[in-house]
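Shown next, in structure tokens, is the structure this report addresses.
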Protein chains: 2
Amino acid sequence: MTDQQLALKLYVVLSRAYLAVNRHSQLDIARHGLSHGEFAIMEVLFHKGPLLLGEVQRKILVSSGGVTYLVDRLEADGLVERRACETDRRARYAALTRKGEQFMKKIFPDHAASLERALAGLTSTEKKQAISLLRKLGTAAVDALPDRE
Amino acid sequence: MTDQQLALKLYVVLSRAYLAVNRHSQLDIARHGLSHGEFAIMEVLFHKGPLLLGEVQRKILVSSGGVTYLVDRLEADGLVERRACETDRRARYAALTRKGEQFMKKIFPDHAASLERALAGLTSTEKKQAISLLRKLGTAAVDALPDRE
DNA sequence: GGGTGTTATCTTAGTACTAAGATGCACTGC
DNA sequence: GCAGTGCATCTTAGTACTAAGATAACACCC
């Protein structure tokens, strides 16, 4: 089998695995009234603390307009707030509000459990192998991407 | 590290890898005027031959309304046609037209090369490992999914 | 310190879907 | 052969984005 055939096959199984797992995640998140993109922002802020909007964009791989849209919605829900950046007046931080923080503390354990079930097809050892392979793959693919806007 | 922590990490790297690779694919497909979903249908018909719409739905993990929408668009472009099913008058086949067949023959090699580049972060050996892990993961995740509509 | 290019975010218009339900057809047991 | 149940596809209305460009602020060279 040529490397190209392997690449095609890999893309197919990668897509299927992601779409299926993502759907589990989506169904779980929808119970709390958030879209997948909204939750991705909540999650990254929950784990990394306040982040510049551009940093958020790079983390969740969404368009710049998408970040604005998603943060607007989360701000309207009172879960996230924008804060000024001291050193660069163009830039803004996104940060969880108290409400957002407590919301995540409440729902995140359930969400993690739901993901664990979705990924239960692999043993812990296999998960470790998959993580290391996918990390390598993802990093290379992100680097090869043309810049956004 | 607990299995749950591994699951969360795996989900993150899976998402990033898929989103990045998928974006390569999307940029390539857009050059030919198709959306990602449209191309997914073309591809599955190109490789498997005529398929019932329901089979297409299961292959590409899209909603039933989505299949109708996508096949409508491809039919309008003259790339795909619907055919009656002899044994079940509710069911319809989707099949590539001559034009669709030739279109795929023309663009598929380029697309495959573009994917090979997007996935070049992994060696052939690593690709094989990743395929087998992701296949196992995907199958389990699809099976655990609630039925669509 | 003014011009030139770059970066960060936001706005606007459009697209690719999804969800829910409608419709029409097929099978089953009676 | 008819009622009831379940599929296979399509329709309608709505949503979550993306693409392209606008705006404002910064940075660097002269």
Protein-nucleotide distance ([X], atom [atom1]; [N], atom [atom2]), rounded to Å:
X        : N       : atom1 : atom2 : value
Tyr93(B) : dA8(D)  : OH    : C1'   : 13 Å
Asn22(B) : dA16(C) : CG    : P     : 14 Å
Ile60(B) : dT18(C) : CD1   : C1'   : 13 Å
Gln26(A) : dC17(C) : CD    : C1'   : 11 Å
Glu86(B) : dA8(D)  : CD    : C1'   : 17 Å
Glu55(A) : dT9(C)  : CD    : P     : 8 Å
Leu74(B) : dC10(D) : CG    : P     : 13 Å
Ile29(A) : dA16(D) : CD1   : P     : 12 Å

Check: dC10(C) base within 3.5 Å donor-acceptor of Ser64(A) side chain: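 Indeed there is one.
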
If only side-chain N and O atoms of [X] are considered, is one of them under 4.0 Å from the OP1 or OP2 phosphate oxygen of [N]?
X        : N       : result
Tyr69(A) : dA16(D) : yes
Arg82(B) : dA8(D)  : no
Arg92(B) : dA8(D)  : no

Can you name the salt bridge (charged side-chain N to carboxylate O under 4.0 Å, His left out) partners of [X], sequence neighbours left out?
X         : result
Glu126(A) : Lys136(B)
Asp110(A) : none
Glu43(A)  : none
Glu101(A) : none

Residue whose nearest DNA chain C nucleotide is more 5′ - Arg73(B) or Leu27(A):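 The 5'-side residue here is Arg73(B).
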
5′-ward residue of the pair Leu34(B)/Asp88(A) relative to DNA chain C: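 That would be Asp88(A).
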
Go through the steps for Asn22(B) and Tyr11(A) under the test side-chain hydrogen bond (donor to acceptor under 3.5 Å, both in side chains), then give the verdict. CA-CA 8 Å; Asn22(B) 196 48; Tyr11(A) 180 55; 2.6 Å; yes

Comparing Arg89(A) and Gly37(A) on DNA chain D - which has the more 5′ nearest nucleotide: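 The residue mapped nearer the 5' terminus is Gly37(A).
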
Earlier contact from the 5' end, DNA chain D, for Val67(A) and Gly54(B):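 Its nearest nucleotide being more 5', the pick is Gly54(B).
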
Between [options], spot the one nearest the side chain of [X], thanks.
X        : options                   : result
Leu70(B) : dA8(C), dC17(C), dC10(C)  : dC17(C)
Ala91(A) : dA8(C), dA16(D), dC10(C)  : dA8(C)
Ser35(B) : dA16(D), dA16(C), dT18(C) : dA16(C)

Is there a donor-acceptor pair under 3.5 Å between the side chain of Arg16(B) and the backbone N or O of Lys59(A)?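 Yes; at least one donor-acceptor contact below 3.5 Å.
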
Test item: Lys127(B) side-chain N/O and Leu122(B) main-chain N/O as donor-acceptor pair under 3.5 Å: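 Pair found, side chain donor or acceptor close to backbone of Leu122(B).
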
Among all residues two or more places apart in sequence or in another chain, which pass the ring pair (Phe, Tyr, Trp, His ring centres under 6.0 Å) test with Phe46(A)?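 Once residues adjacent in sequence are excluded, the partners of Phe46(A) under the ring pair (Phe, Tyr, Trp, His ring centres under 6.0 Å) criterion are Phe108(A).
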
Describe the nucleic acid contact of Gly66(A) in one word from base, sugar-phosphate, nothing, applying a heavy-atom distance below 4.0 Å.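 Touches a base.
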
Could you run down the sub-3.5 Å N/O contacts of the protein with nucleotides 3-6 of chain D?
{"residue": "dG6(D)", "atom": "N2", "partner": "Arg90(B)", "partner atom": "NH1", "Å": "2.9"}

